[in-house]
Amino acid sequence: MSFPLLTATAVLPALGAVATAAVPAARRTAAKWLALITSLATLALAIAVGVRFDPDGARYQLTESHAWISAFGVRYELGVDGIGVALLALTALLIPFVILAGWHDADPLETGSHRWRPTQGFFALILAVEAMVIISFEATDVFLFYIFFEAMLIPLYFLIGGFGDRAHEHGEEAASTQRSYAAVKFLLYNLAGGLIMLAAVIGLYVVAGNFSLTEIAQARANGSLHMATNTERWLFLGFFFAFAVKAPLWPLHTWLPNAMGEATAPVAVLITAVVDKVGTFAMLRFCLQLFPEASKWATPVILVLALISILYGALLAVGQRDIKRLIAYASISHFGFIIMGIFAMTSQGQSGATLYMVNHGISTAALLLVAGFLISRRGSRLIADFGGVQKVAPVLAGTFLIGGLATLSLPGLAPFVSEFLVLVGTFTRHLAIGIIATFGIVLAALYTLVLYQRTMTGPVKPEVSAMPDLRVRELVVVAPLIVLLIFLGVYPKPVADIVNPAVKQTMSDVHQTDPKPEAEAAK
C-alpha cells in the first residue's frame, strides 16, 4: 500500500492543533513555535502532492478509498485534480504566514481586571481550520466533503468571536459586542446554507444510491443514472446555495464585512483567502460535475448575480471608512469575477477563475496583513486616522501599495492574468455581461488608489509621526507574498499547466466547447 499522502496532509495539522492546545498555559512561545513548525511540515507535504501530481494523468490522483459507514454508502474517499492541487498548495502556503503575522495577536490582554487570552487555543484553532479546508479540497465522497464543509465553521466562530481585532473606536466593551455579533452572523448564515445543502445531499443519495462523486459522475456520463429535470435543478440549487453563502455571492454576502472587520487581520486572511475558496472550488467540483444540465439552466441568473457582486462590492468599497471593511467589500467584488468565470462556461473563463482563486488568495493576504500591521501600530481601523505614513514608514507603505495594485489587477502582478482570462472567457459567450463587468476594474482602481492616498500620502499626522517601519518578522511575512505576486504576474505557466487539464475535463462534464472566433466562424 502506498503512503496515504493526502490523508497525511490533512491529519498533520489536525494533530498539530491537538498538540498545540495541550501545551501548558505558561509555555505560550512553545505553542507558537509548535504551530508554525506544524504548518511548515504541512506545506512540505503539500509540495510533495504537487510534485507527485501529473497534470496529464488521470483526473483524480493520489486516491484513497476505504469503507466508512457502509450502511449508508458513505466512504472515506480522497483524490485531487489540478484545481484541488492548486488550492491545497495555496492553503498550505498561507497558513505559516497567518501564524507568523498573528504571533502576538493572542498574547495576554488586560482591560480593567487581569484577563488572559488563551494563546494556545488561538493557534490550535488556525491549524484545525487548515486541516478541515485541506480535506475539503481532497474529498471525493460528497458526504465526507459536507462534514468538513460544515465543521470548519466551529473553529472559525471562536476565532472571530474570541480573538477579534483590538483596534476599535468605541473601546473594548463595544468591540466585544461587535465581535459576538459578527461571529453569530457568520455562523447563522453558513449554517443555513449547510442545512439546505444537507437536504440536497440526502436527495442525491436517494437518487444515486451512494455519495461517491466519481461513481455518480461516471454513471451520469454513461447513461446508467438518469435524473429528472426538476430533480436535478432542485438538487443543484441546494448545493449552489450553500456554496454561494460560503463564497460569498450577492445577496448572501453580508456576513463577510462584519466577520473580516471584527476578526484580527490574520484571521481575516484565513476567512477570505482560504476558507471562502472552498465555496467557489465546490461550484466547479460538485455543481458542474454532478448537475451539468442544471448548471447550464441556472447560468443566466448566476451571471447576473455575479455581475451585481462585482459592481456592488466595488461601489461599497469606495465609500468605506474602515480599512478592513473596504478590503472585505473588494473581496466580494473579486468573488463576483471568480463566479462569473466559472459560469461563463468557457475554458478561458474557468481557467481564469481558478487562477483568480489562487492569485486573489495571495494578493488579499499581502494587503490584509500589511493593513493589520498598520492598524496595530495606530490602534485604529479608520482611514481618516492615518496620513503621511509613507514618510515615516516607507517599506510598510511600499508593500501596502504593491498589495493594493495587485488588488486592482495591475498588469505585471498575478491577479491581472486571471482577471483578463475571466473577462476574455465571458466576452466570447456573454458579451453584455463582460462589458458591464469591466466597470468593476475602474472602481477597483478608484477605491485602491484613494485608500493609499488617504492613508499614506499628505501631511504626517501627529499620531503616526513615530510609527515604526516593518520589523524583521513582518518582512518575513510580507516579502515572499510580494515576490509571488510579481513572479506569477510575469510567469503564470506553472499554475496554469496544473489547472488547465482539470478545466478541460470540467468543460467536458457540462458538454460545452469554446465558441469559435467570429473570423473563423465566418469562413
Side-chain angles (χ1 to χ4, degrees), residues 43-44 46-57 61 80-97 137 269 273-274 277 280-281 284 334 337-338 341-342 344 346-370 398-427 441 444-445 448 475-507 514:
L43 176 58
I47 292 171
V49 171
V51 169
R52 290 188 57 183
F53 182 81
D54 179 9
D56 298 319
Q61 299 176 34
V80 285
D81 60 0
I83 300 169
V85 168
L87 294 176
L88 189 156
L90 172 70
T91 302
L93 172 70
L94 291 182
I95 296 301
F97 298 124
F137 290 141
V269 169
V274 176
K277 299 301 187 299
T280 47
F281 163 80
L284 279 166
H334 295 149
F337 276 108
I338 294 171
I342 292 171
T346 60
S347 59
Q348 299 99 327
Q350 291 186 359
S351 292
T354 306
L355 287 172
Y356 214 135
M357 292 185 224
V358 175
N359 295 332
H360 172 265
I362 299 170
S363 62
T364 300
L367 182 61
L368 257 176
L369 293 178
V370 177
T399 53
F400 190 78
L401 178 61
I402 295 173
L405 293 176
T407 298
L408 64 82
S409 300
L410 184 77
L413 297 175
F416 169 76
V417 179
S418 42
E419 194 165 284
F420 177 78
L421 285 172
V422 165
L423 287 171
V424 168
T426 305
F427 269 98
I441 302 173
T448 300
L475 281 171
V476 169
V477 170
V478 176
L481 297 175
I482 299 297
V483 170
L484 273 174
L485 286 174
I486 297 171
F487 175 77
L488 293 177
V490 176
Y491 189 64
K493 188 174 184 294
V495 181
D497 285 348
I498 291 175
V499 303
N500 283 343
V503 165
K504 290 180 181 178
Q505 291 166 326
T506 304
M507 288 285 291
D514 291 328

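Here the structure is a predicted model, which is why all the values come from computation and not from measurement. For the single chain, residues carry numbers from 1 onward in sequence order.
Rounding to the nearest 0.5 Å gives a distance of 13.0 Å between CG of L355 and CZ of F420. A distance of 5.0 Å separates CD1 in I441 from CZ in F337, rounded to the nearest 0.5 Å. Rounding to the nearest 0.5 Å places CZ of F487 at 15.5 Å from CD1 of I482. Atom CD1 of I338 and atom CD1 of I342 lie 7.0 Å apart (nearest 0.5 Å). A distance of 11.0 Å separates CG in D81 from CD1 in I498, rounded to the nearest 0.5 Å.
Between P492 and V417, the shortest heavy-atom distance links the atoms CG-CG1, 3.9 Å. In terms of heavy-atom proximity, S418 sits nearest to N359 at OG-ND2, 3.3 Å.
Using a 4.5 Å heavy-atom cutoff, the side chains of V499 and V358 are not in contact. Side-chain atoms of V49 and V85, non-hydrogen and from C-beta on, do get closer than 4.5 Å to each other. L481 is listed as a side-chain neighbour of L369, based on a closest heavy-atom distance under 4.5 Å. Residues M357 and L87 are in side-chain contact: their nearest non-hydrogen atoms beyond the backbone lie under 4.5 Å apart.
D54 pairs by the side chain to side chain donor-acceptor pair (under 3.5 Å) definition with nothing, not counting sequence neighbours.
A donor-acceptor distance shorter than 3.5 angstrom exists from the side chain of S363 to the backbone of H360, with no hydrogens or angles considered. Checked by atom type and distance alone, the side chain of S351 never pairs as donor or acceptor with a backbone atom of Q348 at under 3.5 Å.
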Next on the checklist: Please determine whether side chain to side chain contact (heavy atoms under 4.5 Å, CB included) holds for the pair L408 and L405, giving the CA-CA distance in whole Å, both sets of side-chain angles, and the decisive distance to 0.1 Å.
Outcome noted: CA-CA 5 Å; L408 64 82; L405 293 176; 4.0 Å; yes
Next on the checklist: For a side chain to side chain contact (heavy atoms under 4.5 Å, CB included) check, start with the C-alpha distance between H334 and T407, then their side-chain angles and the critical distance, and finish with the verdict.
Outcome noted: CA-CA 9 Å; H334 295 149; T407 298; 3.3 Å; yes
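Tested against L413 for a side-chain contact (heavy atoms from CB on, under 4.5 Å), the candidates P415, P411, S409 yield a single pass: P415.
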